[in-house]
Every structure is written in structure tokens, then in C-alpha cells.
Amino acid sequence: MRRILIGLVSACVSFAALATEFVWTGAAGDGKWSTKENWAGNAVPPSNELSKLTTDMTSVTCVDLSAAGGKTISLDETVVVQAVSCMPRDESRTVTLAGDGKLLCQHAYTWGNMPAYFIARDSQLVLNVDYELSSVRSSGTLLGGGTLVVNKDASGLANNDPRFCLDGCISFGGTMTVDGALNFWRLQNEGRTRVRFLEGSEFSVGTLLTGAAGFLSPSGYEQDGGSVSVGSVYITTPAEWNSSWSETLAYKMNDGVLEAADGIYLGTMPEGFSKHFPRGDFEMSGGTVRTSVLASERNSNYYKLNGGTVVIGSGGLVVTENTAGRTFVANTEPDFQLGAVTISASADWAADSRLAVQLSGGTVFDLADHDVTINGAVSGVGGLLKRGAGSLTVAGAYSAAGEIRVEDGSLVFGAGSSLSGAASVDACGGKVSFLGTLGALSDHFVLSVDSMEDVSVGASVEMAVAKLVVGRRIEEVISLLKGVECRGGTSCPDQL
């Protein structure tokens, strides 16, 4: 396949010499598309000339826009092409197609005959026109390491098995709908391949896959805005994994909305895929994610959530175990790494006890009236803020060193939990219960509540604090709360 693609690139780069010369309306000089002077000033071809440039290149219609750097070509009709070359030689590295027309990539699918974009590195072809793929099997190839920007409606992808082969970046800024699964493959072992969703985009697909057996995934997905609606997202390495690779496939959520109704899955693939390999992260710095479940195979996979809001449904946080055809490299770091992100809930949910959580600071659990249980270990240097009328239960070991604040609802350290390392718990506005084991808290540990009715200590729990703040008044604590449930302020003062 590589020989076919290399031949296709070579033919398209040199096709200007093979094409029949013609002159478009208002053109100067020899009328060749490859002659820079013919694009001087405002000279551009009318759209009805675009489809006239043909060459015998495995029966592919190839249009060369390499001399059009900095130009906008207006399409007022449907233009049929099978390949576009965009390798600008001028200082401006961008070519734009605009207007009310449509670019139609029409072909019969074979490996040697796909609609292809040859875009040089550091160059981009911007489609501010409607874009349609029409074929037996919808497909597209991007070669050269450049960027294809699809800013308007993209259609024709509802055919069976749509896929893109990438050596460069493809950006979606318009509307695109795919009924079934959509594959993005990359053709190189390392780098350069990305799929981006831009501000204003509306992208809808049944299943977003990272590739298929025998092919390499793109280096990553980036969402900078817009709305992406999918059934399921699978982020993994579905081709031979090389431990020396410097890159890790990731979905990077920077802004916009991602709706994954059936879940986000790291490190695994749907049934029917013969192999899957390590790596595959979900990284978030902004925007909103709504999903029924966040799943990880713990196969060198991590959720790195440092901004925005994640709304999780009843599926919660789970571990998947798809061992079929798997190469496994176990996680060596906490599975969920939480920074200044808001974790929310659309239903009650729980986290698998095998999933470790790390807090680095600024994490908010805003649960509305839902109840959430974290069963795995919680560590890190940060604290957490609890909001919403529901309850957050910590059922495992909690050793994060930062401040814990409860503004509303309740925070429960369950019967099987252990609390150590925390600097303080401020439950003013909410309630807190200590039902598990209390380890070595900070020597300066402060417990703050609005009233003693808002704190519960289990009958077998021993608790020592440096300061107890009730109703914002500081009372020095000399003894410890031992085997007592503090309610109503009646028996508690005698224990202090």
C-alpha cells in the first residue's frame, strides 16, 4: 500500500507538467495553474474551471492549488474532484475555497484510488464550502503533514465503514454526521497526525474509534470548541505497540461540549477487534463532558482532568477487562488525576475500588442531589470541595494533604475508610461523618462545623484535632473525641 501511496504523491506533485494547458477567464500569461504569475493580484479561476485540470494518475482527477497561496477561490457550483494538491511556495501557506458551491469527492473505493489531499507541512487548505464524500466506502486520505480544515457541512459519510487515513491534521468546524462507526488511521509511525474539532462545529457519530487492527491511530484528538456527540469513544492503540514511542494517543478536551452517551473507554476496543495495545489517555483542560461511564482497562491509560466539568451517569468509574488479543502494561500512576475540574453527577454512581484517584488542587465534587461513592485510594497534595445536596462517600484510604471543604450536603468517610494526612475539614454549610479509621492527621488539623449536629464520629473511632471550630468560634481541644457521636452539643463538651 505504501508504494501505491508514494506513487500517488509523486504523480500529484508533478502533474502540472502533464496537464492540458488552458486559460481561465481573466487569466494572464500562459494560463497554467502552476505558474505563479497567473495568480497575481486578484487572479483566480472561476469554479467551472476547477474540474478541468485532469491527468492520467491511476484515473484520479487531481487539482493543483499550490500556486494559490493566500488566495480564496470562490465556488458557485458543485466541483467534482478526486485529489487536491496544496503545496504553496509563497510566504502565505493557506489556500481557501469559499462560496455557495460544494466540493464533491467522488470515487470508487480501492486502496490505490482514494480521494486524497496532498498538503505540505506548515500549509493548510481551508474548505469554507460544503464538502461531500460520495463513494462505495467513504474514505479520505491526507498526506504531506499539512492541515485540512472543513468549516462547513460535511456529508456523505453515512455509507458503510467510513474512515480517514491521515498524515497531517484534519479540523472540523462545520456540521458532520456519521450513522455508524468512524475510523481515523495514521500512515506514519510517529507524530503529525491529529483530528481537531473547532469552535462552532457540530460533529455527530455513532462510535468514534482510534483505528483498526493493522493500522496506527492518529496522534490525538483535540476539541477546541463546538459540540461532539457520540455513542462511544474508544481511545487506545489498535496496532503493534512500540514501547520506545515518545507519544501517547490522547483525546484532549480544551473547550466545547462532548456528549458520549454510551461511555468513554480507555485501553480497550469494541467486540470484534482482534487486537489492542497499551496507551491512550483522556486529557481535559476546559469544556463540558457528559457521559454515562468513564472506563479504563488500566493498560497504561490515564484520565488527566485539570479543568472544565465532567458529568457522570449511573455507570460511574469502572475497570474494563477485555483480554482478547491484548498486550498489557499495567498503570504505574493513579488512574484518575484530578486538578481544577468539577466532577458532577446525573445519577447516583460509584467508582471501582481498583481505580486510584490523585488530587492536585482545585477539585470540586458538585453532585446536586445524587450520591457518589469513591471506593479506591485517594492521594495527592490537593484537597477537595464538596457541593450539592447529595453525599460523597470515601470508602477507601484517603491521604490527600489539602483542605477538605463541605459547602452543602454531606461528606462521609465510610466504615472501611482510613483518613490520614489531611490538613483540615471545613464542613460549615454541610455535614461530615467519620466512621472509619483515623490515621496520623496533621498536627495542625482543624475541624470546622456550623454546629455539633453536623459532625458524626463512629462509636469505635478515636479522633484527635488541634482545633475545633463551631459556628466560626475557635475552641482549643485538649483531649480527643473517643467513642462518641456528637449531636446537639450536649455530651460532646464533656469529652473535649
Side-chain angles (χ1 to χ4, degrees), residues 8-55 57 60-77 79-105 115-131 140-152 154 166-174 191-194 196 198:
L8 193 59
V9 174
S10 300
C12 198
V13 170
S14 61
F15 82 95
L18 302 176
T20 302
E21 296 182 10
F22 64 92
V23 178
W24 59 80
T25 303
D30 58 12
K32 292 181 179 179
W33 285 59
S34 58
T35 302
K36 177 180 177 181
E37 287 73 19
N38 290 339
W39 296 85
N42 295 321
V44 292
S47 61
N48 62 358
E49 300 287 347
L50 279 173
S51 60
K52 291 183 179 180
L53 185 61
T54 62
T55 184
M57 189 177 67
V60 172
T61 301
C62 188
V63 175
D64 186 12
L65 302 178
S66 299
K71 295 284 187 176
T72 296
I73 301 173
S74 179
L75 301 189
D76 53 14
E77 58 187 36
V79 175
V80 180
V81 299
Q82 289 183 308
V84 177
S85 176
C86 182
M87 301 184 180
R89 296 175 289 275
D90 295 330
E91 184 174 325
S92 177
R93 310 284 290 181
T94 299
V95 177
T96 302
L97 300 182
D100 297 327
K102 176 186 290 186
L103 185 67
L104 173 61
C105 289
Y117 297 90
F118 306 95
I119 305 174
R121 188 180 296 191
D122 300 325
S123 300
Q124 64 176 352
L125 174 61
V126 180
L127 303 182
N128 289 335
V129 294
D130 290 345
Y131 169 67
T141 303
L142 173 63
L143 301 176
T147 298
L148 174 66
V149 182
V150 183
N151 272 336
K152 291 187 72 176
L166 301 179
D167 176 28
C169 174
I170 184 166
S171 298
F172 294 100
R192 291 215 308 259
T193 63
R194 289 183 301 156
R196 296 184 66 194
L198 308 178

Could you measure the distance from the [atom1] atom of [X] to the [atom2] atom of [Y]? Nearest 0.5 Å is fine.
{"X": "Asn128", "Y": "Ile73", "atom1": "CG", "atom2": "CD1", "value": "12.0 Å"}
{"X": "Arg93", "Y": "Arg121", "atom1": "CZ", "atom2": "CZ", "value": "11.0 Å"}
{"X": "Asp122", "Y": "Ile119", "atom1": "CG", "atom2": "CD1", "value": "12.5 Å"}

Heavy-atom closest contact (Pro88 atom, Gly69 atom, distance): CB-CA, 4.1 Å
Please tell me if the side chains of [X] and [Y] come closer than 4.5 Å, counting only heavy atoms from C-beta onward.
{"X": "Val95", "Y": "Leu125", "answer": "yes"}
{"X": "Leu97", "Y": "Leu65", "answer": "yes"}
{"X": "Leu148", "Y": "Leu127", "answer": "yes"}

Set of residues satisfying side chain to side chain donor-acceptor pair (under 3.5 Å) with respect to Thr96, sequence neighbours excluded: none
Pairing residues for Arg196 by the side chain to side chain contact (heavy atoms under 4.5 Å, CB included) criterion, not counting sequence neighbours: Cys169, Ser171, Arg194, Leu198, Glu222, Asp224
Met87 backbone acceptor or donor facing Ser66 side chain under 3.5 Å: yes
